[in-house]
Amino acid sequence: MKVYITTPIYYVTDAPHIGHAYTSVNADVLARAHRLRGDEVWFLTGTDEHGLKVARAAEQRGVSPLEWANTTAQRYRDVWDHLELSHDDFIRTTEARHRVGVQKLLQAAYDAGDVYAATYEGEYCVSCEAYYEPEELGEGGTCPVHERPVEHVIEDNWFFRLSAYEDRLLAWLDENPDAVKPAIRRNEVLGFIRGGLKDFSISRRTLTWGIPLPWDPDQVAYVWSDALTNYATAIGYGTDESRFSHWWPADYHFVGKDILRFHAVYWPALLLAAGLAPPRTVLAHGWIVVGGQKMSKTLANQIHPRQITDVFGVDAFRYYWTRIGRLGPDLSFSWEDFARRYEADLANAWGNLVSRVLHMVERYRDGAAPARGPAASGEAAALDADLGGAAAGALAALQRGIDEVDIAGALEETWRFLGRANAYVEGCEPWKLAKDPGAAGRLDTVLNALLESLRVSAVLVSPVVPGAAERVWAQLGLPGSAAAGPLGVSGRFGEFPPGTRVRRGGVLFPKVDVEASA
């Protein structure tokens, strides 16, 4: 199975914040999970570097637009490396491969008769790089997303005939129930289309920072008709048709709800005009809310990922935004909630279990994994079966979570399994078994089962917390990697390899002074 996953490409007008990271980490976790299962994956991210907003940001800083784009694109690269994103490609819209593809796609739409010249007069938000109808504006004629005044624009442009695609878009959504997820976002798209689609401008005459239209070099491609095409140009559209045919259509576009209509209405229509298939699924999540308000540069409530990772670490950052990151509703962030999940889920439920089990193996079996003893009966057998069943349930949940793009749900089942492993320790009481010479075989079974629980847990969480998973794997003395897969084999609960020498390392998730960090 091949899977093509994308994040939005981010504007190079500001540094990345946790909203960008939330989207990208969840896309990365899905990509890693598919690789763990043995799928062929291509994971794309990148930066959007054209448009009026970029040109003005550069002018304010006394540099060229490309110089500013170079600086900010590197900031994204640095943060994504820090967060251990496993993207296969990082596309920039200033690259030659992108320019070729944009011109090809727009020329195809023009040749199909879906592009025409007209005069635009209306309200334009520079921050959104979007036109708005008067009824869409907020109080005082402000942008509904950024809450800033819009600009009144009059300009001779080229328009895309979006109105001609109402029926085809509705048919696409009807034939593909998973085309837009979750259901609340799908309903938004259906409502937008059924409300009547209006043609939109795909060019700007008064702007030079962009890609010239192939049939009218005096105008440049409007930012959305430019930016959206990155998903095709990155995999060879216009430059490597064989590679493009292999990967297209995209399986998952991860986006925020504020750019949903561009990805689920404008983009599919442009693709249809060019004779290309729309994406299989657009996944739209809510906003991150800080102090009751959406994160905004204007409100000065943006949080850089390093403000969190410097305190809790990269693995905890990735875990938090995956665990609470179910698609759909807005997410409310607080330091207190982050610290609570860190302590309860990572430090206690998993980290303490790892330390406790390895300590017992070192103390009772000199650091060597014992083979299982004779099969148990009665209450002991029930405890063994319960643990194995919880492991099987966690594996099934991850397989299901990959298919349904619900890794958060899979994590709940994994932590339920870890809860059963902790309960298994208390129920079996290995410290008492160690004092009874006649219980040596039972102690061996218990220790082996606990080591196997740690091994399986490392596999199951490896897409989410790759660093911690590999540290546990190394402490277990196992060869290779927790992420080696395939998941159907490596994630199955069995017998931990007898004779393997384990060793305790440092604390997996150290205690954190939350009050000092907030």
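Below, each value reflects all heavy atoms present in this structure, side chains not excepted, and no hydrogens, waters or symmetry copies.
To the nearest 0.5 Å, the span separating CG on Leu270 from CD1 on Ile202 amounts to 7.5 Å. Atom CG in Asp28 sits 10.0 Å away from atom OG1 in Thr45 (nearest 0.5 Å). One finds the CG atom of Leu213 at 14.0 Å from the OH atom of Tyr222 (value rounded to the nearest 0.5 Å). Atoms CD and NE2, on Glu40 and His246 in that order, are 3.5 Å from each other to the nearest 0.5 Å. Between atom CD1 of residue Ile91 and atom CG of residue Leu44 there is a gap of 6.5 Å, rounded to the nearest 0.5 Å. Atom CZ of Phe200 sits about 10.0 Å away from atom CZ of Arg261, to the nearest 0.5 Å.
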(message) Show, in sequence, the C-alpha distance, side-chain angles and deciding distance for Asp111 and Gln107, and conclude whether the side-chain hydrogen bond (donor to acceptor under 3.5 Å, both in side chains) test is met.
(response) CA-CA 6 Å; Asp111 292 343; Gln107 184 67 56; 2.8 Å; yes

(request) Test Asp403 against Arg37 for salt bridge (charged side-chain N to carboxylate O under 4.0 Å, His left out), laying out the working first. (result) CA-CA 11 Å; Asp403 292 330; Arg37 194 159 70 175; 3.0 Å; yes

(request) Check the pair Leu283, Val255 against side-chain contact (heavy atoms from CB on, under 4.5 Å), reporting the backbone distance first and the verdict last. (result) CA-CA 6 Å; Leu283 299 164; Val255 302; over 6 Å; no

(message) Before you tell me yes or no, could you show the steps for Asp337 and Arg340 under salt bridge (charged side-chain N to carboxylate O under 4.0 Å, His left out), namely the whole-Å CA-CA distance, both residues' side-chain angles and the distance that decides it to 0.1 Å?
(response) CA-CA 5 Å; Asp337 184 57; Arg340 180 181 63 81; 2.8 Å; yes

(request) Begin with the C-alpha distance, continue with both residues' side-chain angles, and end with the deciding distance and a verdict on side-chain contact (heavy atoms from CB on, under 4.5 Å) for Leu487 and Ile402. (result) CA-CA 11 Å; Leu487 177 59; Ile402 295 171; 4.0 Å; yes

(request) Evaluate the criterion side-chain contact (heavy atoms from CB on, under 4.5 Å) for residue pair Leu169 and Val265; output intermediate values, then yes/no. (result) CA-CA 7 Å; Leu169 288 171; Val265 179; 3.9 Å; yes

(message) Applying side-chain contact (heavy atoms from CB on, under 4.5 Å) to Lys104 and Thr233, what does each step give before you reach the verdict?
(response) CA-CA 10 Å; Lys104 178 179 179 177; Thr233 59; over 6 Å; no

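Here ring pair (Phe, Tyr, Trp, His ring centres under 6.0 Å) pairs that include residues 161-199, with residues two or more places apart or in two chains, are Phe160-Tyr165.
Distance alone, capped at 3.5 Å, places no donor-acceptor pair between the Asp330 side chain and the Val289 backbone. Looking at Arg318, its side chain does come within 3.5 Å of a backbone N or O of Pro463 through a donor-acceptor pair. In this structure, the side chain of Asn26 engages the main chain of Trp321 through a donor-acceptor pair within 3.5 Å. With Asp114 contributing its side chain and Ala109 its backbone, the two residues share no donor-acceptor pair below 3.5 Å. For Glu166 (side chain) and Leu197 (main-chain N/O), a donor-acceptor pair under 3.5 Å exists by modelled atom type. With hydrogens and angles disregarded, a donor-acceptor distance shorter than 3.5 Å links the side chain of Arg186 to the backbone of Pro177. Listed for the Thr229 side chain is no donor-acceptor partner under 3.5 Å among the backbone atoms of Val102. Remark: the backbone N or O of His17 is paired with a side-chain donor or acceptor of His20 at under 3.5 angstrom. Without hydrogens or angle criteria, Gln219 side chain to Asp156 main chain gives a donor-acceptor distance under 3.5 Å. Within the 3.5 Å criterion, the main-chain N or O of Phe43 finds a donor-acceptor partner in the side chain of Asp88.
Trp287 carries Lys257 over the face of its six-membered ring, with the cationic atom under 6.0 Å from the centre and within 45° of the normal.
A 4.5 Å side-chain heavy-atom check between Leu395 and Leu460 finds at least one atom pair inside the cut-off. Pro466 places a side-chain heavy atom less than 4.5 Å from the side chain of Arg32. Between Tyr320 and Ile308, the closest side-chain pair of non-hydrogen atoms is not below 4.5 Å. In this structure the side chain of Arg204 never reaches within 4.5 angstrom of the side chain of Val223, judged on heavy atoms. Thr309 is listed as a side-chain neighbour of Leu83, based on a closest heavy-atom distance under 4.5 Å. Within the 4.5 Å cutoff, side-chain heavy atoms of His34 are placed close to those of Leu30. A heavy-atom distance below 4.5 Å is not found between the side chains of Val220 and Trp209. Side chains of Leu398 and Thr414 form no contact here, defined as non-hydrogen atoms less than 4.5 Å apart.
The pair Asp240-Arg97 fails the salt-bridge criterion, with no side-chain N (NZ, NE, NH1 or NH2) lying under 4.0 Å from an Asp/Glu carboxylate O. Asp81 has no carboxylate O lying under 4.0 Å from a charged side-chain N of Arg77, or vice versa, which leaves the two without a salt bridge. The pair Arg56-Glu59 fails the salt-bridge criterion, with no side-chain N (NZ, NE, NH1 or NH2) lying under 4.0 Å from an Asp/Glu carboxylate O. Residues Lys53 and Asp48 are not paired through a salt bridge, judged by the lack of any N-O separation under 4.0 Å between the basic side chain and the carboxylate.
Summarising the geometry of Leu106 relative to Ser225, their closest heavy-atom pair is CD2-CB, 4.1 Å, with the distance given to 0.1 Å. When all heavy atoms are compared, the tightest approach of Gly101 to Tyr237 is O-CE2, 3.4 Å. Pairing each heavy atom of Ile211 with each of Gln103, the nearest pair is CG2-CG, 3.8 Å. The shortest non-hydrogen separation linking Asp199 to Ser163 is OD1-OG, 2.8 Å. Looking at every heavy atom in both residues, Val79 comes nearest to Pro305 through CG1-CG, 4.0 Å. The shortest non-hydrogen separation linking Trp335 to Gln307 is CH2-O, 3.1 Å.
When only modelled atom types and interatomic distance are considered, Trp80 and Ser24 share no side-chain donor-acceptor pair under 3.5 Å. Neither side chain, His98 nor Glu49, offers a donor N or O lying under 3.5 Å from an acceptor on the other. Side-chain atoms of Asp78 and Gln74 include a donor-acceptor pair closer than 3.5 Å. A side-chain donor from one of His263 and Tyr231 sits under 3.5 Å from a side-chain acceptor of the other. Residues Thr71 and Arg61 have side chains that never bring a donor and an acceptor to within less than 3.5 angstrom of each other. Judged purely by distance below 3.5 Å, without hydrogens or angles, the side chains of Asp345 and Tyr319 pair a donor atom with an acceptor atom.
In this pair, Phe262 and Tyr266 present their aromatic rings perpendicular. The plane angle is above 60°, beyond the 30 to 60° band. Under the 30°/60° scheme for interplanar angles, the aromatic rings of Phe509 and Trp350 are found to be tilted. Between Phe338 and Phe312, the ring-plane angle classifies as tilted under the 30° and 60° cut-offs. Between Trp215 and Trp158, the ring planes are perpendicular. Angles over 60° get that label, and only those under 30° would be called parallel.
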